Amino acid sequence: MNNTSNLDEARPEMDDLLNDYFKNQMPKPWPAFKEPATTTQPKAETGAWSNVSARVVLAACVAALIFGYLTLGTFFPTTQAPSGVHDMQREIGHRDKPKNTTNQSDEPVPMVP
Amino acid sequence: MKSRPKKSPHKAAFEEIYERHSREVWALVYARWLNADVALDIMQETFLRLWKQWQEGSEIVNPRAWVLRVARNLAEDHAKSAFRRFGTQAPQTMNGVEGRDVLPLEGMAKEETFGQLRKELEQLPAADREILTLRYALDYDTDEIAEVLDINPTAVHMRLSRARQRLADRLTAQGLGAKHE
């Protein structure tokens with residue numbers, strides 16, 4: 001049932017004109033939908049694989065780093081640091097007191113007649 | 001593995017939606033711009049976006065409402081870009097009606113009539129143009145138009161009657177109403 005039939009009968013020439021105009025404007029033939037050449041699905045697969053491989057590589061790198069650290073630690077056990085460096089650290093900002101001065105200050109000063 | 005020639009159910013469902021609603025999308029965009037090529041471009045872009053949404057697995061409850069909304073937004077974006085590039089309106093909208101049929105003799109008079117009709121259509125509110133486009137391009141009745149535009153059928157009837165009356169008066173004043181057969 002067409003609710004606009006009464007309008008169509010009222011001004012048939014107007015309807016003809018509008019029908020012609022709008023039908024003329026519509027694309028002929030109507031285009032079919034064209035699927036894009038590159039879909040997102042292959043990209044998603046590639047992305048998932050790259051994520052997995054990147055994580056595996058990262059984990060391998062971390063494992064190699066830890067293994068190397070532990071291995072080198074066994075070859076080179078912890079020892080005392082070189083005395084030169086250690087002593088230098090101690091001496092920084094420290095002033096030695098002369099021994100003679102210390103002894104003189106402890107003993108009573110002889111009185112000179 | 002090579003792609004199978006048989007359509008997947010996914011694609012078949014999409015093509016069904018395209019076949020059912022693509023003309024409505026085109027009609028709404030055409031009503032906004034009165035430009036068939038722009039309407040076609042925006043319609044195709046709209047369904048391309050819908051396709052991508054489907055490919056990404058997004059669930060769209062109401063595809064019809066989705067494509068109509070996206071098409072309206074794209075049409076508005078086109079308006080903004082056209083204003084930025086050309087000032088007020090894109091150059092092609094200033095030209096006459098782009099006829100699809102090439103008719104050397106009769107076509108010229110018809111194109112002239114269509115051009116004047118188009119100028120009168122431009123003076124109508126966009127909402128009235130939407131109703132006219134759905135009515136005459138797609139042969140929709142009042143209820144179908146009301147469903148697409150989500151408005152009252154009575155309002156559709158009133159707007160359609162008013163728009164036709166206004167167009168008829170103006171074209172008759174220009175002597176076009178009786179000339180067109």
Side-chain angles (χ1 to χ4, degrees), chain A residues 1-70, chain B residues 11 14-15 17-19 22-23 26-27 30 34-37 39-40 43-44 47-48 51-52 55-57 97-101 110-111 113-114 117-118 121 132-146 153 156-157 160-161 164-165 167-168 171-172 176-181:
Chain A
M1 221 167 95
N2 193 347
N3 292 336
T4 56
S5 58
N6 53 346
L7 288 172
D8 295 345
E9 291 168 3
R11 287 181 177 274
E13 72 282 356
M14 193 67 218
D15 280 309
D16 289 344
L17 177 60
L18 289 169
N19 261 320
D20 284 354
Y21 173 81
F22 283 107
K23 295 286 192 318
N24 180 268
Q25 292 297 295
M26 287 195 75
K28 298 184 196 68
W30 190 254
F33 176 74
K34 293 176 184 175
E35 185 179 348
T38 55
T39 58
T40 56
Q41 197 167 357
K43 284 184 180 177
E45 288 177 357
T46 306
W49 169 246
S50 64
N51 283 340
V52 170
S53 62
R55 288 177 183 178
V56 168
V57 168
L58 179 64
C61 287
V62 171
L65 190 65
I66 293 171
F67 178 76
Y69 172 76
L70 295 174
Chain B
K11 189 180 178 186
F14 183 87
E15 287 180 346
I17 289 174
Y18 176 83
E19 188 61 29
S22 58
R23 290 171 179 80
W26 179 91
Y30 179 81
L34 293 177
N35 185 310
D37 292 331
L40 189 61
M43 183 273 289
Q44 289 175 332
F47 279 91
L48 192 64
W51 174 258
K52 287 179 180 174
Q55 292 295 96
E56 291 170 4
V97 176
E98 301 163 3
R100 299 278 165 186
D101 301 328
K110 198 176 227 181
E111 291 300 319
T113 304
F114 285 172
L117 174 59
R118 185 178 180 280
L121 286 170
L132 285 170
T133 310
L134 290 168
R135 171 72 189 96
Y136 292 103
L138 306 186
D139 292 324
Y140 277 17
D141 63 23
T142 305
D143 292 337
E144 289 171 322
I145 296 170
V156 172
H157 192 79
L160 185 58
S161 177
R164 285 159 45 97
Q165 185 65 45
L167 281 175
L171 293 175
T172 303
L176 288 174
K179 197 161 65 176
H180 180 79
E181 290 296 332

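Every value quoted in this text rests on a predicted model; they were computed, and no experiment measured them. Within every chain, numbering begins at 1; the chains are lettered A, B, ... in the order of the sequence lines, protein sequences first and strands thereafter.
Summarising the geometry of B/F114 relative to A/L17, their closest heavy-atom pair is CE2-CD1, 4.0 Å, with the distance given to 0.1 Å. Taking every heavy atom of both residues into account, A/M14 and B/R164 meet most closely at CG-O, 4.3 Å. For A/F22 against B/L121, the heavy-atom pair with the smallest separation is CZ-CD1, 4.0 Å. In terms of heavy atoms, B/M43 sits closest to A/P31 at CE-CG, 4.4 Å.
Electrostatic pairing of B/D139 and A/K23 counts as a salt bridge here, judged by a charged N lying under 4.0 Å from a carboxylate O.
B/L34 is not listed as a side-chain neighbour of A/Q25, based on a closest heavy-atom distance of 4.5 Å or more. At a threshold of 4.5 Å between non-hydrogen side-chain atoms, the residues A/D20 and B/T113 do not count as touching. Counting only heavy atoms from C-beta outward, the side chains of B/R118 and A/Y21 approach each other to under 4.5 Å. A heavy-atom distance below 4.5 Å is not found between the side chains of B/Q44 and A/K34.
Under the 30°/60° scheme for interplanar angles, the aromatic rings of A/F33 and B/Y18 are found to be tilted.
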